[in-house]
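Just so it is clear, the values below take in all heavy atoms, side chains as well, and ignore hydrogens, waters and symmetry mates.
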Amino acid sequence: MQKNYLTLLLFFFLFSCKNADAPPPLPQVNSFYKTVITADDRKTITPEEAKTYHVNTNYKYEYRTGNSGHYKYNYDVKGINMTGDSVFGNINTEGKYGAGMLKNDSLGEIDINTEWVSNGKLKALDKSGNEYQLIVK
């Protein structure tokens, strides 16, 4: 009798332990706000952003768009590259990250991605991996 229970238990174990499939993907959440800012974002303001366009001369940003908690800011910046050459440009930020364009007399225009490192200070990287230290003008 005990042998039958062991056999039944063995069959149950073998058939219940199939290879585990990957869990189903999480549903995508559609959002009004972009999750990634690109360098080209600073060139145009969409009609939706134009509805919330705001300028305040008390702050360093050129303008901001969006709603509370989801603002996108535009800044003029200046700084240096890894070799100490001066650069200047314009960026858009949303939260801690952003993107924009820098200019230099010898390099021309450079698309960059930025990250805030402290109040008014940013670290930027271009597509070639060159690093720039920037401050808000």
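The hydrophobic cluster containing L102 does not contain I80, counting ILVMFWY residues as joined when their side-chain heavy atoms lie under 4.5 angstrom apart, directly or transitively.
Taking each heavy atom of E49 and T65 in turn, the nearest pair found is O-CG2, 3.6 Å. Contact between A99 and N113 at its shortest, heavy atoms only, is CB-OD1, 3.6 Å. K72 approaches N92 most closely through the heavy-atom pair CD-ND2, 3.7 Å.
Looking at heavy atoms from C-beta onward, D111 lies in side-chain contact with K127 at the 4.5 angstrom threshold. In this structure, V87 and L134 have side chains that are in contact, with non-hydrogen atoms separated by less than 4.5 Å. At a threshold of 4.5 Å between non-hydrogen side-chain atoms, the residues K78 and I135 count as touching. With a 4.5 Å cut-off on side-chain heavy atoms, T93 and W116 count as touching. M82 has its side chain within reach of N130: a pair of non-hydrogen atoms, C-beta onward, lies under 4.5 Å apart. Two residues are said to be in side-chain contact when any heavy atoms from C-beta on lie closer than 4.5 Å; V136 and D76 fail this criterion. Considering only heavy atoms from C-beta on, V77 comes within 4.5 Å of L122 through its side chain.
Within the model, atoms CD of E109 and NZ of K103 stand 5.0 Å from one another, a figure rounded to the nearest 0.5 Å. To the nearest 0.5 Å, atom CG of residue D126 and atom CD of residue E131 are 10.0 Å apart.
In this structure, T52 contributes its side chain and G66 its backbone to a donor-acceptor pair below 3.5 Å. Using a distance-only test at 3.5 Å, with no hydrogens or angles considered, a donor-acceptor pair links the side chain of N104 to the main chain of S86. Under a 3.5 Å cut-off, the side chain of N90 and the backbone N or O of Y75 do form a donor-acceptor pair.
A 6.0 Å sphere centred on NZ of K137 holds more than 12 heavy atoms belonging to other residues, nucleotides or ligands.
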Show, in sequence, the C-alpha distance, side-chain angles and deciding distance for K96 and E115, and conclude whether the salt bridge (Lys or Arg N to Asp or Glu O under 4.0 Å) test is met. CA-CA 6 Å; K96 187 174 180 176; E115 178 181 356; 3.3 Å; yes
